[in-house]
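Note: hydrogens, waters and symmetry copies are ignored here, and every other heavy atom, side chains too, is used. Count residues from 1 along the sequence.
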Amino acid sequence: ATSCAQFIQCRNDGDIIGKTTSASSGNYAGGILAQETNGVTISDCYNTGDITGYYAGGIVASRYSNVTTTVTNCHSYGATLTGTTTYPIANESITNCYYLADSETDSVSGTTAKTSNEFSDGTVSALLNGTRTGSSAVWEQGTTMPTLKTPVYYTVTVSAATNGSVSSAKITAAEGDTVTLTVTPATGYTLDTITVTDASGTPVTVTDNAFTMPAKAVTASATFKEG
């Protein structure tokens with residue numbers, strides 16, 4: 001099935017309580033998603049809440065038949081799962097996910113038990129980030145477990161132009177974000193130059209009126225010529 005929704009860099013710290021009496025519809029409880037029915041992608045998410053339901057999952061409780069949910073780079077820390085059928089993470093299509101336990105408690109491919117020491121000493125954080133290092137890293141090490149990094153946003157300033165206008169789709173952006181500029185010449189004019197410089201005066205490459213945000217504030221400007 002085609003993915004119809006994405007859960008990216010989400011977290012849950014609350015306890016989730018569903019029905020526990022039967023396997024009928026509605027008796028699902030998951031840290032991020034209860035039951036997936038139409039193709040969902042979940043990445044870089046984590047759960048710390050206790051989960052209770054007939055089907056209970058640290059990240060996803062269950063999926064509908066013949067529908068694929070992909071769960072990548074997620075963890076479940078300290079969650080108590082109570083139910084008839086439980087999964088530390090989810091029940092299929094899992095890659096690089098971890099849960100707190102001294103030994104393996106399920107046989108689902110893609111999930112790995114890690115001890116409290118491994119959660120707190122940076123082992124799990126490094127595994128979740130994989131090759132994403134430096135500014136590209138999504139996870140950082142907290143006191144007891146990996147947590148999601150808080151992005152640092154930098155200001156995008158647009159200088160006033162003559163004989164036309166230029167605007168930015170974003171007024172702030174994190175390093176690595178794509179920022180698109182909209183250029184509107186006045187009647188009888190065309191764009192001459194468009195430039196972006198960072199706070200140190202270093203030029204930033206602009207391609208098709210878009211640029212990649214550096215780790216500094218930037219200023220964008222444009223000039224127009226008759227034509």
Side-chain angles (χ1 to χ4, degrees), residues 1-16 18 23 25-133 136-142 144-149:
T2 301
S3 178
C4 69
Q6 294 181 321
F7 294 79
I8 301 174
Q9 297 184 34
C10 300
R11 60 180 284 188
N12 172 60
D13 297 313
D15 296 340
I16 307 295
S25 177
N27 295 354
Y28 304 91
I32 299 299
L33 183 65
Q35 184 187 31
E36 185 278 312
T37 60
N38 200 21
V40 171
T41 299
I42 300 173
S43 62
D44 294 307
C45 297
Y46 72 94
N47 169 60
T48 65
D50 293 338
I51 310 298
T52 301
Y54 189 93
Y55 295 98
I59 300 296
V60 181
S62 183
R63 70 173 180 86
Y64 191 74
S65 298
N66 301 319
V67 173
T68 299
T69 301
T70 59
V71 184
T72 307
N73 304 330
C74 295
H75 81 75
S76 183
Y77 178 85
T80 298
L81 305 177
T82 303
T84 300
T85 303
T86 64
Y87 301 101
I89 297 294
N91 65 337
E92 70 150 14
S93 301
I94 303 167
T95 303
N96 196 41
C97 292
Y98 305 90
Y99 60 95
L100 179 64
D102 290 331
S103 60
E104 296 294 329
T105 61
D106 79 342
S107 58
V108 179
S109 177
T111 67
T112 305
K114 292 295 181 182
T115 65
S116 58
N117 285 339
E118 291 171 308
F119 265 90
S120 64
D121 68 6
T123 298
V124 175
S125 180
L127 290 168
L128 290 168
N129 276 319
T131 59
R132 301 174 295 181
T133 60
S136 297
V138 174
W139 297 90
E140 62 186 2
Q141 185 57 45
T144 59
M145 65 179 180
T147 60
L148 295 168
K149 289 177 62 177

Quick one: pull up [atom1] in [X] and [atom2] in [Y] and give me the separation to the nearest 0.5 Å.
{"X": "N96", "Y": "S43", "atom1": "CG", "atom2": "OG", "answer": "11.5 Å"}
{"X": "C10", "Y": "D44", "atom1": "SG", "atom2": "CG", "answer": "10.0 Å"}
{"X": "D15", "Y": "T80", "atom1": "CG", "atom2": "OG1", "answer": "8.5 Å"}
{"X": "S125", "Y": "Y98", "atom1": "OG", "atom2": "OH", "answer": "11.0 Å"}
{"X": "Y28", "Y": "S62", "atom1": "OH", "atom2": "OG", "answer": "5.0 Å"}
{"X": "T112", "Y": "I89", "atom1": "OG1", "atom2": "CD1", "answer": "9.0 Å"}

Between [X] and [Y], which heavy-atom pair has the shortest distance, and what is it?
{"X": "N47", "Y": "A79", "result": "ND2-CB, 3.6 Å"}
{"X": "L128", "Y": "R132", "result": "O-NH2, 2.8 Å"}
{"X": "G58", "Y": "S76", "result": "CA-OG, 3.8 Å"}

- Taking the inter-plane angle between the rings of Y46 and W139 on a 0 to 90° scale, is it parallel (under 30°), tilted (30 to 60°) or perpendicular (over 60°)? tilted
- Query: Does one side chain, of T48 or D13, offer a donor that lies under 3.5 Å from an acceptor on the other?
  - Reply: yes
- Item | Pair T115, N117: side-chain N/O donor-acceptor within cut-off below 3.5 Å | no
- Message: I32 vs V60, test: side chain to side chain contact (heavy atoms under 4.5 Å, CB included). Steps then yes/no.
- Response: CA-CA 6 Å; I32 299 299; V60 181; 5.6 Å; no
Find out whether [X] and [Y] are in side-chain contact, i.e. whether some heavy atom of one side chain is under 4.5 Å from a heavy atom of the other.
{"X": "L100", "Y": "S116", "value": "yes"}
{"X": "L127", "Y": "K114", "value": "yes"}
{"X": "C74", "Y": "I42", "value": "yes"}
{"X": "N129", "Y": "V138", "value": "yes"}

Could you check whether any side-chain N or O of [X] sits under 3.5 Å from a backbone N or O of [Y], counting only pairs where one atom can act as donor and the other as acceptor?
{"X": "Y99", "Y": "T105", "result": "yes"}
{"X": "E104", "Y": "A113", "result": "yes"}
{"X": "Q35", "Y": "A29", "result": "no"}
{"X": "H75", "Y": "P146", "result": "yes"}

- Item | Residue pair E140, T147: steps toward the side chain to side chain contact (heavy atoms under 4.5 Å, CB included) verdict | CA-CA 6 Å; E140 62 186 2; T147 60; 3.7 Å; yes
- Message: Determine whether L33 and I59 satisfy the following criterion, side chain to side chain contact (heavy atoms under 4.5 Å, CB included), listing intermediate values before the conclusion.
- Response: CA-CA 6 Å; L33 183 65; I59 300 296; over 6 Å; no
- Among T72, T70, V71, which residue meets the side-chain contact (heavy atoms from CB on, under 4.5 Å) test with T41? T70
- Message: Can you confirm whether more than 12 heavy atoms, excluding those of R11, are under 6.0 Å from its CZ atom?
- Response: no
